[in-house]
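To start, the structure under review is shown below, and the notes come after it.
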Protein chains: 2
Amino acid sequence: MFELDIRSRKPIYEQLVEKLKQLIINDVMKEDEKLPSVRELAQQLTINPNTIQKAYRELESQGYIYSLKGKGSFVHPVTKSQNKEELTKVREELKKLFAEAMYLGITTEEIQTLLREVEGGEQDD
Amino acid sequence: MFELDIRSRKPIYEQLVEKLKQLIINDVMKEDEKLPSVRELAQQLTINPNTIQKAYRELESQGYIYSLKGKGSFVHPVTKSQNKEELTKVREELKKLFAEAMYLGITTEEIQTLLREVEGGEQDD
DNA sequence: GTTACTGTACTACAAATATTAATACAGTTA
DNA sequence: TAACTGTATTAATATTTGTAGTACAGTAAC
């Protein structure tokens, strides 16, 4: 399916997340298409299934896939459907604005605080 | 000058950065005003000078102060003057963009990932 | 020059956190 | 039941982070 650099400083679960994101964003994997099972992919890549699981969990929390116990993990339709270009645009805008904010001295902590405000959730340190 | 919570989970150098930022933003410290030397403040707070140094370095990299070897550290004039309105504007833009992103189904987790990407600058192995 | 201040760089070490793995649990389908 | 699926818990490592100890280097006053 793809290759990993096992001795990179970048953790393999993170490499996995990136590669899979690419496949989803670039339509190589279609809506609701089943991803390899954690064990299958693990065996194929000669790593621990739990590492795959971590990558999948991350992808799920970011809205790229959904997982069903006993069934499998699948490409999340919403992510792909309507506003793909719009989504890409917003992601780029976010990155630009982050850079600008940080250039002005706004800390990532403050940015996260703003995010929480919008989200409505409440948290503390 | 101020108090620190030595047994907080938040590192003391970070607490220092926040407190000092407050003093600068709220005009308690004026442009080009000298901050306490790293050793002086360290002794006063009963912590290691290097911890102060780390806070100062952070403040400098964020544009709040500037340091001159052998002379001291001082409040950076630029930070205070022009950027105040700009800062408010960027904060508003961030909130708007967050709302839009979440409306499109981008999760807060993904936003934080994007933030980390920008924050880290490009780093690989 | 010497002295007494300044910031800075380098190293080290303990604590916290992150990464991966081993194992066991639980749902689905035939 | 058997053979798949994802998930939770725990533990062993590896890596990062926070702080400190020490030495180096510039500035200013004498």
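Labels below follow one simple rule: chain letters A, B, ... track the order of the sequence lines, proteins then strands, and each chain is numbered from 1.
Distances shorter than 4.0 Å separate some side-chain N or O of B:S37 from OP1 or OP2 on C:dT6. Proximity of B:Q53 to the phosphate of C:dG7: no side-chain N or O atom is located under 4.0 Å from OP1 or OP2.
Side-chain contact between B:L94 and B:L97 is absent, with no heavy-atom pair separated by less than 4.5 Å. Between B:I52 and B:Y13, every side-chain heavy-atom pair lies at or beyond the 4.5 Å cut-off. By the 4.5 Å heavy-atom criterion applied to side chains, B:H76 and B:Y64 are not counted as neighbours.
Across the protein-nucleic acid pair, A:I52 atom CD1 and D:dC4 atom P stand 18 Å apart, rounded to whole Å. Taking atom CZ of B:R57 as the reference point, atom C1' of C:dG7 lies 11 Å away to the nearest angstrom. If you measure from atom CD of B:E60 to atom C1' of C:dT6, you get 14 Å, rounded to the nearest angstrom. Rounded to an integer number of Å, the gap from CD of B:E58 to C1' of D:dG18 is 13 Å. Between the CD atom of A:E40 and the C1' atom of D:dG6 there is a distance of 14 Å, rounded to whole Å. Atom CD of A:Q43 and atom P of D:dG6 are 14 Å apart (whole Å). One interatomic measurement links the two molecules: CD of B:Q15 to P of D:dG18, which rounds to 12 Å at whole-angstrom precision.
Using a 30° and 60° split on the angle between ring planes, B:F98 and A:F98 fall in the tilted class, from 30° to 60°.
Salt bridge present: B:E18 and B:K10 bring a charged side-chain N and a carboxylate O closer than 4.0 Å.
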**OP:** Summarise how protein sits on nucleotides 11-21 of chain C as a single string, 5' to 3': B when a protein heavy atom is under 4.0 Å from the base, S for sugar-phosphate-only contact, - for no contact.
**Re:** --------SBB
Original post:
When every nucleotide of nucleotides 23-30 of chain D is labelled 5' to 3' by its protein contacts under 4.0 Å (heavy atoms), B for base, S for sugar-phosphate only, - for none, what sequence of letters results?
Top reply: B--BSS--
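Across all non-hydrogen atoms, the minimal contact from B:A101 to B:I111 is CB-CD1, 4.2 Å.
For the residue pair B:Q44/B:E40, the side-chain donor-acceptor check at 3.5 Å is not satisfied. A:E60 and A:S73 form no side-chain donor-acceptor contact under 3.5 Å, judged by distance and modelled atom types alone.
Remark: the backbone N or O of B:D5 is paired with a side-chain donor or acceptor of B:Q15 at under 3.5 angstrom.
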